[in-house]
Structures are given as structure tokens and as C-alpha cells.
Amino acid sequence: MMSSSEIQIKEMVANRWDLASETFDTHAGHGIQSQKERDEWKHAFRGIFPGKGLRILDVGCGTGELSLLFAEMGHRVTGIDISRKMLKTAKTKAEACRANVTFGEGDAENPPFEPSSFDIVFSRHLLWTLPNPKKAVENWGRVLRKNGKVVIVDGVWDRGTLGDRARKNAGALLTLILERKDPRKGHAGYSEELKARLPHAGGAPLEKVKEYLVASGFEEVRTFDLKEVRQAQKENMPLGERVVRNYQYYLICGRK
Ligand SMILES: C[S@@+](CC[C@H](N)C(=O)[O-])C[C@H]1O[C@@H](n2cnc3c(N)ncnc32)[C@H](O)[C@@H]1O
């Protein structure tokens, strides 16, 4: 059972993403901006889980950008999230492209499914915003079938150093001045109070996530730098974003 403090954190998180839902996909690291980027994502995922018809659970699916990509690749996809507005956007997008994806409310830290329900559990940009990331990874193992895979895409964009802070501020300023765009557009903007309650508020470090996977019994843990995806994303990013974009970004996967 969740403590009242955890419930409160998750309500705050859901509220922030409700507010960001309308602009989330406009951000070049969130919504897929080009055919080249789409192809690079597909290429990266095919290398990890080839074939079609896999049962994929996208935890913290947001606006369903990658859930829909998996459906396009021929998989059977379920996406869960705690933000109703992110889910509403995801459902509208699925209807528009007639994709057969099931979206619903659910806590990624404890997915509401029977053991062994999925071939793949996928998460992107989620671990940093969970109060209990280690427990989440454990529970992803529970809903995976034997030999199923967990696939995580994440990064560290703020290690709390002066250098990171300066780069972030410079990027935001450039976006504002050169592009005349709101640099917060597409982001959730957590308060310091909320950040203090998340163990990886600046991003989940690769080494830590590897530890979580190994501790949960995952085998054949492999990492990828997603260089081609990042390159394709950069081509469509405003200059300010490109400045900020120089941080650890990775895909890590493991087999149950
Ligand atoms: C940065 S967005 C990433 C969305 C999507 N995975 C993507 O990469 O496009 C983080 C998402 O995680 C969701 N989220 C945060 N905590 C969650 C939780 N405990 N359970 C389910 N979803 C959660 C938020 O509502 C938000 O939609």
C-alpha cells in the first residue's frame, strides 16, 4: 500500500504533467520530429526485440509517442500513466491514426497486471520522476514473462553541478532570445519541494539503473548510447536545446 506521502508526491507529479500535456510533443526530445528520427528509433528497438506481435507495456507512456511507434512496428501495446491529460492526448493520437493501443490510468511503480502478462516492459524518461525507482524496476520484472525484456531509455541532464546549471540556463536563454520560444514549453517544471522527494530528480544515472536491474535478477544487461537517435533529434532542435543536450543519455535493457 502507498503511504500518504507517496500519494501526495504522485498527485503533484500528475498535476505537473497534466499542465504540460498540450505542449509535450512539441519538444524535440519528446515528440518524434522527423522520418529520420522515427527510423532510428525503430532500428534501435528492432536490435533489442526483433519480430512482431509482442505484448509491450509502456509504463509512464505520457502522450503515447513511443507506444504508437511500437504499434506501428506491429506490436500489441498497452500504455499506462498517472496523468489523465497526458493519456487523453495519447488516446486522441491513437484514434487519429487508428492505432490499436490500450491506454489507461495506472501507477508505473506497481503496474496493475497479472504476473507474466508482457513480453516487454518499456519506459522512457520516467525513472527520474519516481519516488521509488528500485521498487518500480522490481515490479516490472513481476509483470514480465520468463525471458521477457525490460527496456529503459533515460538520461542525466542535471547532476546538480554549477556547470550543468550554467549550461541549462544558457540553453534556455538562447531559446528565448534566438527562437523567441518559451524554453519551459513541453517540460513539467518541478518545484524544489517535489525534486527533494525524488531520488533521481536530475535524471537516473546509468550505473544506478544497472544496479537496480541486477538487484531485481535481470540478466544479460546491455547498454546502448542511442547516438543515431540523438543525432536525428538534434537536427530538429533549436540551438538552445542543442547546447543543453550534451548529457548522459542511454538505453539499457535486461532479460528476465
Ligand atoms: C517525461 S514524461 C515521459 C512520457 C513518455 N514516456 C515519453 O517518453 O514520451 C513522464 C511521464 O511519466 C508519467 N508518470 C510519472 N510518474 C508516474 C507513475 N508513478 N506512474 C505512471 N506514470 C507516471 C508522467 O505523468 C508523464 O506522463
Side-chain angles (χ1 to χ4, degrees), residues 1-3 5-33 37-38 41 44-45 56-71 77-94 101-113 120-140 143 150-158 184-190 194-195 197-204 226 229-230 233 247 249-251:
M1 235 189 38
M2 265 197 286
S3 67
S5 149
E6 271 175 299
I7 294 173
Q8 199 193 25
I9 296 174
K10 285 179 186 167
E11 275 173 2
M12 285 198 263
V13 168
N15 285 340
R16 296 312 305 166
W17 290 105
D18 276 352
L19 290 173
S21 62
E22 275 180 25
T23 55
F24 183 83
D25 283 344
T26 63
H27 181 259
H30 296 163
I32 296 173
Q33 309 287 327
E37 183 188 351
R38 182 168 293 279
W41 275 121
F45 293 132
I56 301 185
L57 174 63
D58 185 358
V59 279
C61 62
T63 61
E65 195 69 353
L66 292 181
S67 315
L68 293 172
L69 183 91
F70 297 140
V77 190
T78 303
I80 60 167
D81 204 283
I82 51 170
S83 156
R84 290 194 183 149
K85 291 204 173 162
M86 291 292 265
L87 285 168
K88 187 164 176 255
T89 303
K91 286 178 189 165
T92 305
K93 283 161 65 178
V101 180
T102 308
F103 289 112
E105 265 183 80
D107 185 356
E109 289 194 341
N110 197 4
F113 300 99
I120 304 286
V121 173
F122 173 78
S123 86
R124 181 177 78 156
H125 307 173
L126 172 74
L127 284 174
W128 69 276
T129 181
L130 298 179
N132 307 293
K134 183 167 187 271
K135 183 180 109 187
V137 172
E138 261 168 48
N139 283 332
W140 298 348
V143 298
V150 66
V151 181
I152 297 167
V153 175
D154 244 297
V156 181
W157 50 93
D158 184 358
R184 292 160 307 182
K185 216 172 145 192
H187 295 281
Y190 286 8
L194 178 52
K195 283 191 208 164
R197 296 166 83 175
L198 303 171
H200 302 308
L226 293 176
V229 170
R230 284 185 292 136
Q233 287 179 331
Y247 52 71
Y249 194 68
Y250 58 84
L251 182 153

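Order of listing sets the numbers, starting from 1, for every ligand and every atom in it.
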Tell me whether Glu22 at atom CD has more than 12 heavy atoms from other residues, nucleotides or ligands lying less than 6.0 Å away.
no

Kindly check if the number of other-residue, nucleotide or ligand heavy atoms within 6.0 Å of NZ (Lys195) is above 12?
yes

For ring pair (Phe, Tyr, Trp, His ring centres under 6.0 Å), just list the numbers for Trp17 and Phe24, CA-CA rounded to whole Å, side-chain angles, deciding distance to a tenth of an Å, and then say yes or no.
CA-CA 9 Å; Trp17 290 105; Phe24 183 83; 5.8 Å; yes

Answer yes when Glu65 and Lys93 have at least one side-chain N-carboxylate O distance shorter than 4.0 Å, and no when they do not.
yes

Chi angles and distances behind the ring pair (Phe, Tyr, Trp, His ring centres under 6.0 Å) call for Trp128, Tyr190
CA-CA 12 Å; Trp128 69 276; Tyr190 286 8; 4.9 Å; yes

When you look for protein heavy atoms under 4.0 Å from ligand 1, which residues do they belong to?
Lys10, Val13, Trp17, Phe24, Gly60, Cys61, Gly62, Asp81, Ile82, Ser83, Met86, Gly106, Asp107, Ala108, Arg124, His125, Leu126, Thr129, Leu130

So that I can tick it off, tell me whether Asp107 and Lys10 are bridged by a salt bridge, with the cut-off set at under 4.0 angstrom between side-chain N and carboxylate O.
yes

